[in-house]
Asker: 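I have a structure I would like to understand better, so I am pasting it below and will then ask my questions one at a time.
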Amino acid sequence: MDAGAIPTDDCPGGVDCYLTLESGQSYLWERDDGEMYAGEPNPEAWYETVVDGHLLRVRQRDGRLEWESTTDAADLVRERLRLDDDLERIAARAPDDPLVREAYAAHTGLRLVADPPFPTLISFICSAQMRVRRIHRMVSTLAAAYGDELVVDGRTYHAFPTPDQLAGATEDELRDLGLGYRAPYVVRTAEMVASGEAHPEAARDLPYEEARDYLTQFVGVGEKVADCVLLFALDFDEAVPLDTWIKGAITDYYPDCDRGSYADTSRAIRERLGCVDGDVPDRYAGYAQTYVFHHLRTGAVGD
DNA sequence: TTCCAGGAAATGG
DNA sequence: CCATTTCATGGA
């Protein structure tokens with residue numbers, strides 16, 4: 001195994017693995033203590049995932065982000081955990097708003113992730129009306145049932161299934177795995193990607209709102225899930241998924257941003273949570289969203 | 001029991 | 001176009 005360590009001081013604004021990987025953005029990692037999404041950090045535990053047929057694992061202790069991999073993964077760790085984002089600057093430019101300030105202050109080191117688009121698309125199709133812990137369980141179950149096996153040091157890991165592998169599943173199989181009414185959505189979307197009818201990666205080059213519309217052609221993908229894919233996998237830092245928690249924040253803290261439709265409310269809250277950057281009116285709105293989401297969901301608001 | 005969870009699709013007006 | 005209803009499932 002290749003290995004390395006990155007001093008967290010090298011990451012402007014710090015980095016917190018637990019907050020980043022267990023805040024409901026990514027469901028593609030497992031913890032080797034079996035306590036993923038159980039609500040408690042463990043500095044000794046490794047976060048493990050399979051990337052392009054290679055095992056990658058990271059953990060954080062003593063001010064260093066340690067990684068091990070079956071390949072040279074130094075650049076991969078930087079990319080997936082967005083270690084080059086200048087969190088200090090992003091937080092400093094965030095709106096001077098009590099909720100946003102409190103959320104940034106309470107969860108230092110929380111970074112957006114840069115996950116692969118197809119697994120993210122399927123993860124958030126599964127997310128409909130689910131708690132984060134169950135979403136993670138569903139994604140893990142899909143990997144175990146349909147993903148490629150990887151054996152390292154006598155332990156078996158599973159990659160997230162490819163579009164072809166998931167398209168080979170049946171609706172009944174996925175219902176038996178506990179996906180409920182999302183089962184046909186997952187199969188049909190996997191078929192769309194496997195056949196070449198459409199691919200989430202194609203949204204990357206479109207303007208934000210066109211990219212969101214493009215993703216909604218996938219079965220089981222509405223505007224909210226599309227926003228999650230744009231934010232967590234396609235580098236759209238302005239995307240603000242309007243889920244139950246953010247809608248609650250709009251009701252309680254930003255009632256003037258409620259414009260009725262998703263598209264209009266989205267525009268208003270993006271400009272409220274983001275910052276003006278040249279002719280861009282909503283820069284990093286998705287970053288603020290991720291902090292506020294986590295702050296509200298974990299019940300940390302007001303300390 | 002009832003309610004809720006990072007909603008979307010189908011239906012009805 | 002917008003509002004309502006239906007769809008699974010496990011945990012508190």
Side-chain angles (χ1 to χ4, degrees), chain A residues 19-29 35-39 103 107 110 112-113 115 117 119-142 169-192 198 200 212-234 236 239-252 258-266 269-270 273 285-301:
Chain A
L19 290 175
T20 301
L21 296 177
E22 300 193 53
S23 53
Q25 308 178 64
S26 180
Y27 300 96
L28 304 175
W29 297 74
E35 296 296 309
M36 192 72 184
Y37 279 114
H107 312 288
L110 170 58
L112 283 175
V113 298
D115 272 347
T120 303
L121 181 65
I122 299 299
S123 294
F124 281 94
I125 287 173
C126 290
S127 78
Q129 297 294 100
M130 283 290 134
R131 288 178 171 81
V132 294
R133 195 168 176 182
R134 282 198 64 203
I135 300 166
H136 181 264
R137 188 193 312 164
M138 293 165 75
V139 172
S140 300
T141 300
L142 287 178
T170 67
E171 177 180 335
D172 285 345
E173 287 173 358
L174 297 191
R175 283 183 184 274
D176 287 343
L177 292 179
L179 268 70
Y181 61 79
R182 305 151 198 83
Y185 300 165
V186 168
V187 175
R188 292 177 62 190
T189 287
E191 287 171 346
M192 290 175 72
R212 194 177 63 198
D213 287 344
Y214 177 86
L215 291 179
T216 61
Q217 75 184 287
F218 293 105
V219 183
V221 178
E223 292 167 299
K224 184 269 168 185
V225 167
D227 267 330
C228 288
V229 177
L230 294 177
L231 182 61
F232 303 136
L234 293 173
F236 285 82
V240 174
L242 301 184
D243 63 90
T244 169
W245 293 102
I246 297 300
K247 284 178 180 172
I250 290 172
T251 299
D252 296 342
D258 185 356
R259 308 292 167 86
S261 75
Y262 188 101
D264 291 344
T265 302
S266 168
I269 193 66
R270 271 172 13 234
L273 294 183
Y287 241 110
Q289 175 276 156
T290 291
Y291 276 81
V292 168
F293 169 82
H294 187 255
H295 197 55
L296 293 175
R297 190 182 69 80
T298 56
V301 56

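Letters A, B, ... mirror the listed sequences (proteins, then strands); counts begin at 1. Quick caveat: nothing in here was measured; it's all calculated off a predicted structure.
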Asker: If I pick the C1' atom on B/dA5 and the same atom on C/dA8, what distance separates them, to the nearest angstrom?
Answerer: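 Comparing C1' positions in C/dA8 and B/dA5 gives a spacing of 12 Å.
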Asker: A/Phe124 has an atom CZ; how far is it from atom P of B/dA5, in whole Å?
Answerer: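 About 16 Å, once rounded to whole Å.
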Asker: Taking the side chain of A/Gln129 as heavy atoms from C-beta outward, which of B/dG6, B/dA9, B/dA5 is closest to it?
Answerer: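 From the listed options, B/dA5 comes nearest.
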Asker: Starting from P on B/dA5, measure out to CG on A/Leu296 and report it in whole angstrom.
Answerer: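 One finds 12 Å between P of B/dA5 and CG of A/Leu296, rounded.
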Asker: Just N and O in the side chain of A/Arg175: are any of them under 4.0 Å from OP1 or OP2 of C/dA8?
Answerer: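 The answer is yes; a side-chain N or O of A/Arg175 sits under 4.0 Å from OP1 or OP2.
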Asker: Hey, is A/Phe293 doing a stacking thing with B/dG6, by the 5.5 Å centroid and 30° angle criteria?
Answerer: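 So yes, this residue stacks on that base, both cut-offs being met.
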Asker: Can you figure out which of B/dG6, B/dA8, C/dG10 approaches the side chain of A/Val225 most closely?
Answerer: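 Selected nucleotide (nearest to the side chain): B/dA8.
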Asker: Going by heavy atoms in the side chains, are A/Val240 and A/Ser266 under 4.5 Å from each other?
Answerer: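 No, too far: nothing below the 4.5 Å cut-off.
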Asker: Can you establish whether the number of heavy atoms outside A/Arg188 located under 6.0 Å from its atom CZ is more than 12?
Answerer: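 At most 12 heavy atoms, drawn from other residues, nucleotides or ligands, come within 6.0 Å of this atom.
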Asker: What integer distance in Å separates A/Leu177:CG from C/dT9:C1'?
Answerer: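 Atom-to-atom, A/Leu177 to C/dT9, this comes out as 14 Å.
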Asker: Would you compute the distance between atom OH of A/Tyr27 and atom CD1 of A/Ile122 and round it to the nearest 0.5 angstrom?
Answerer: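 So the gap between those two atoms works out to 14.5 Å.
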Asker: Please figure out whether A/Arg134 or A/Glu223 has its closest DNA chain B nucleotide nearer the 5' end.
Answerer: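 Its nucleotide being nearer the 5' end, the pick is A/Arg134.
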Asker: Could you check how far CG of A/Asp258 sits from C1' of C/dA3, rounded to whole Å?
Answerer: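 Answer to the nearest Å: 14 Å.
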Asker: Specify the separation, in whole Å, of atom CE of A/Met138 and atom C1' of B/dG7.
Answerer: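 The answer, rounded to whole Å, is 12 Å.
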Asker: For C/dC7, give its Watson-Crick or G-U wobble partner with both distances under 3.5 Å, or none.
Answerer: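 Answer to the pairing question: B/dG7, which forms a Watson-Crick or G-U pair with C/dC7.
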Asker: May I ask you to check whether over 12 heavy atoms, not counting those of A/Arg297, lie within 6.0 Å of atom CZ?
Answerer: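 Above 12, so yes.
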Asker: Can you find a heavy atom in the side chain of A/Phe236 that is under 4.5 Å from one in the side chain of A/Arg212?
Answerer: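 In short, these two side chains do not touch, never coming nearer than 4.5 Å.
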Asker: For A/Asp213 and B/dA8, give me the distance from atom CG to atom C1', rounded to whole Å.
Answerer: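 The answer, rounded to whole Å, is 15 Å.
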Asker: It should be established whether A/Arg182 places a side-chain nitrogen or oxygen under 4.0 Å from OP1 or OP2 of nucleotide B/dA5.
Answerer: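 For B/dA5, neither OP1 nor OP2 has a side-chain N or O of A/Arg182 closer than 4.0 Å.
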Asker: Of the options B/dG7, C/dG10, B/dG6, whose atoms approach the side-chain atoms of A/Ala128 most closely?
Answerer: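 The nucleotide sitting nearest to the side chain is B/dG7.
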Asker: Between B/dT1 and C/dT9, how many Å separate the two C1' atoms, rounded to a whole number?
Answerer: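 B/dT1 and C/dT9 have their C1' atoms separated by 16 Å.
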Asker: How many Å lie between OH on A/Tyr262 and P on C/dA3, as a whole number?
Answerer: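 Roughly 17 Å, once rounded to whole Å.
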Asker: If you pin A/Val221 and A/Leu231 to their nearest nucleotides in DNA chain B, which one's is more 5'?
Answerer: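 Residue closer to the 5' terminus by nearest nucleotide: A/Leu231.
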Asker: Check whether any side-chain heavy atom of A/Ile246 sits under 4.5 Å from a side-chain heavy atom of A/Lys224, and report yes or no.
Answerer: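 When only atoms from C-beta onward are counted, A/Lys224 and A/Ile246 do not touch, as no gap falls below 4.5 Å.
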Asker: What about A/Tyr181, does its side chain sit under 3.5 Å from the base of B/dG7 through a donor-acceptor pair?
Answerer: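 Answer is yes: a donor-acceptor pair is held.
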Asker: What's A/Gly222 touching, base or sugar-phosphate or nothing? Going by heavy atoms closer than 4.0 Å.
Answerer: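 Sugar-phosphate, backbone atoms only, no base.
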Asker: Looking only at the side chain of A/Met130 (C-beta and beyond, no hydrogens), which of the listed nucleotides B/dG6, C/dA8, B/dA9 gets closest?
Answerer: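 Taking heavy atoms from C-beta onward, the closest nucleotide is C/dA8.
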Asker: Roughly how far apart, to the nearest Å, are C/dT5 and B/dC3 at atom P?
Answerer: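 It works out to 15 Å between them.
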Asker: If I take atom CZ in residue A/Arg137 and atom P in nucleotide B/dA5, what distance separates them, rounded to the nearest angstrom?
Answerer: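 That distance rounds to 17 Å.
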